[in-house]
Amino acid sequence: MAGQKLTDKDIMKGFTLVEILVSVLIFSFLIAAIFGILNIGNMTYSTDLGLLDLQQKARQAMDGMIRELRQSESSNITITDSGARIQFRIPTDITTDPVTYSSNITYYLSDNQLIREHPAGTTKILADNINSLSFSLSEKTLEIRLNAKKTSLRREIYFPPKEDEQERFLIEKVRLRNG
């Protein structure tokens, strides 16, 4: 087409306003669909990450409590506050007569935080987002019940997960070794 002259008819070729608006509308629907899919993926990822965090913290706290409580004798355990607080002592030196025990160790729930207190007045937060905690003692078996709840992206996450709106608990039974 070298050397050819453009005519007015050639210059007028292009897209009409209706064609441009239809193209923009289709493109907008495509962008909205992609955004919706990415948003669902992000919500799922955040919920799963929140549940994983909740699970890990609850299990770590439970494992730490079990390790200590397993060393105690049932006679050295006191459960108060309707089962929500436990206080106990563990042996520090079993070669002495009588056996030497630690000062009191206490576990309890305060503002959705699982607290370990030892020595008296010195506290350590073992886990956040703990919804409920209870202890019960039967002979040489101690039962610990715990559940956790967290809000992530305006969605409530439970550990263990709730089924049929009935609360479930992470339950551990500890066989006391001494005594």
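Numbering starts at 1 and runs along the sequence shown.
- One finds the OH atom of Tyr45 at 11.0 Å from the OG atom of Ser152 (value rounded to the nearest 0.5 Å).
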Item to check | Residues Asp63, Arg59; criterion salt bridge (Lys or Arg N to Asp or Glu O under 4.0 Å); working and verdict | outcome: CA-CA 6 Å; Asp63 290 344; Arg59 290 204 182 272; over 6 Å; no

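- Side-chain N or O atoms of His118 include one that pairs as donor or acceptor with a backbone N or O of Asn104 at under 3.5 Å.
- Other residues, nucleotides and ligands contribute over 12 non-hydrogen atoms within 6.0 Å of the CG atom of Leu25.
- For Glu117 (side chain) and Gly121 (main-chain N/O), a donor-acceptor pair under 3.5 Å exists by modelled atom type.
- A side-chain hydrogen bond (donor to acceptor under 3.5 Å, both in side chains) with Arg89 is found for exactly one of Thr100, Thr78, Asn76, namely Asn76.
- By the 4.5 Å heavy-atom criterion applied to side chains, Leu54 and Ile157 are counted as neighbours.
- With hydrophobic clusters built from ILVMFWY side chains whose heavy atoms lie under 4.5 angstrom apart, Ile79 does not share a cluster with Tyr108.
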Item to check | Thr47 and Arg155: CA distance, side-chain angles, deciding distance, side chain to side chain donor-acceptor pair (under 3.5 Å) verdict | outcome: CA-CA 8 Å; Thr47 301; Arg155 293 178 67 187; 3.2 Å; yes

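- Note on Tyr101: it does not cluster hydrophobically with Leu176, by side-chain heavy-atom contacts below 4.5 Å among ILVMFWY residues.
- A salt bridge does not link Asp128 with Lys150: none of the charged nitrogens is closer than 4.0 Å to a carboxylate oxygen.
- Counting heavy atoms from C-beta outward, Arg175 and Arg70 have side chains that stay 4.5 Å or more apart.
- We find the CD-OG1 distance between Gln113 and Thr123 to be 9.0 Å, quoted to the nearest 0.5 Å.
- With respect to Glu73 and Lys140, no salt bridge is recorded, no charged nitrogen being found less than 4.0 Å from a carboxylate O.
- Interatomic distance, Tyr107 OH to Met65 CE, rounded to the nearest 0.5 Å: 7.0 Å.
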